[in-house]
Every structure is written in structure tokens, then in C-alpha cells.
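Below is one structure, written out as C-alpha cells, with a few remarks after it.
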Amino acid sequence: MTFPAARLAALAERTAKTVLERCERHSDYPFIDLKYQVAGRREVSAADPWYARRDIIYSWIQGRGLEVLGQYALRDASARGRCRKVLAGIVANLEGLRAGNGGRMHFMMTADGRFLTVGDAGEALPAPPAGAVNYSDLFYLK
């Protein structure tokens, strides 16, 4: 199935607006805010699995979200100031976490920057410091 370009552009704009609006609405959450269950149309809660909760951060999602807001700011002059304000706060927070981790990002981490991995029983475990550059570094830095 193919989508007309206008339909894809409208989808991209709606996605960017949603990300921006969620970040503005939850300005006390210093990350790209995609902690929403689309199927259930509800915010993620403490009742959700640990890996979906707000205190578990995925660096590649943060990187893609920053990219979405940056591109939206370039395309829509009326949203530029709002995007810049949201981006400034989130980037400052993420750069603080990255600096605290020797310039590195990890696929999954706590909101205070501690690297995590998944254990054999599906539980969150501390992950060792990152070694060589990995995809999480690249997705965030892109």
C-alpha cells in the first residue's frame, strides 16, 4: 500500500504537533514525552510494566523525538519558538546525563542516567558502562 505525499506530510505534521503538545503539557518531565498507550488512549501509569514507565528512558526515542521537533521548527515558523523552548530544556537535561556518563548514551536508562539492561527473568538490571560507540549514541547524536 502506498500513501500520497500529502497524506504522509499531514501524518508527519500531526505527529510533530502531538510530540510538542505532550512535551509542553508535561513540562516537568525533562524528556521527549511518548509515555502514552495509544491502543488504550491513556497515559502510562505505575500499573504498566516497568519498561513502559516514565522513569525508564530510551535514548534512541529521545534522539528521534529531538529530530522530529527540530524538523518541525524548520517547517513551521509559527511553532518555531515553542519547539526551541522545549528542545532547550530536553537537550540540556540529556546532555547533563550524557556528560555524567563519559559522553555516552545507553539504549535504556533511568531518568537519572543509570544504564540498564534486561535480566534473564525480564527484570531491569544495572548495565555496565558503555564501551565502544553504539547505536544509542548515534541515534541520540544524529
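- Looking only at distances, no side-chain donor or acceptor of N101 sits under 3.5 Å from a matching main-chain atom of G103.
- Residue pairs meeting the ring-ring contact (aromatic ring centres under 6.0 Å, His included) criterion with at least one member in residues 33-53, sequence neighbours excluded, do not occur.
- In terms of modelled atom types and a separation under 3.5 Å, the side chain of Y29 and the main chain of R54 share a donor-acceptor contact.
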Check against side chain to side chain contact (heavy atoms under 4.5 Å, CB included), I57 and T110: CA-CA 6 Å; I57 309 304; T110 62; over 6 Å; no

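- Across every non-hydrogen atom of D33 and K35, the tightest pair is OD1-N, 3.2 Å.
- For R80, there are no salt bridge (charged side-chain N to carboxylate O under 4.0 Å, His left out) partners, not counting sequence neighbours.
- Minimum heavy-atom separation, R53 to A46: NH2-O, 3.0 Å.
- Remark: Y72 engages no residue in a ring-ring contact (aromatic ring centres under 6.0 Å, His included) (not counting sequence neighbours).
- Residues H106 and F115 approach most closely at CB-CD2, 3.2 Å, considering heavy atoms.
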Salt bridge (charged side-chain N to carboxylate O under 4.0 Å, His left out) between K17 and E21, worked out: CA-CA 6 Å; K17 282 182 179 179; E21 289 166 1; over 6 Å; no

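- Residues L125 and V118 fail the side-chain proximity criterion, which asks for heavy atoms closer than 4.5 Å.
- Considering every non-hydrogen atom in both L116 and I56, the closest pair reads CD1-CD1, 3.6 Å.
- Looking only at side-chain heavy atoms (C-beta outward), L66 and V68 stay at 4.5 Å or farther from each other.
- Between L97 and M109, the shortest heavy-atom distance links the atoms CD1-CE, 4.3 Å.
- The closest donor-acceptor contact from the side chain of T117 to the backbone of A127 lies at 3.5 Å or more, if one exists at all.
- For the salt bridge (charged side-chain N to carboxylate O under 4.0 Å, His left out) test, no residue two or more places apart in sequence or in another chain qualifies with D28.
- Counted by atom type alone, R14 and T18 present one or more donor-acceptor pairs between their side chains at under 3.5 Å.
- For R42, the salt bridge (charged side-chain N to carboxylate O under 4.0 Å, His left out) test picks out D48, with sequence neighbours left out.
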With a 3.5 Å cut-off and sequence neighbours excluded, list the donor-acceptor pairs that the side chains of residues 87-95 form with protein atoms.
from : atom 1 : to   : atom 2 : distance (Å)
N93  : ND2    : P30  : O      : 2.9
E95  : OE1    : R98  : NH2    : 3.0
E95  : OE2    : R98  : NE     : 3.0
E95  : OE2    : Y140 : OH     : 2.6

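- Looking at Q62, its side chain never comes within 3.5 Å of a backbone N or O of W60 through a donor-acceptor pair.
- A 4.5 Å side-chain heavy-atom check between E24 and K85 finds every atom pair outside the cut-off.
- Rounding to the nearest 0.5 Å places CD of E13 at 13.0 Å from CG of L8.
- Taking a 6.0 Å sphere around CZ of R25, one finds it holds more than 12 heavy atoms contributed by other residues, nucleotides or ligands.
- Distance OG/S59 to CZ/R104: 10.0 Å, rounded to 0.5 Å.
- Annotation for L69 and C83: closest pair O-SG, 3.7 Å, computed over non-hydrogen atoms.
- By the 30° and 60° cut-offs, the orientation of the rings of F107 relative to Y58 is perpendicular.
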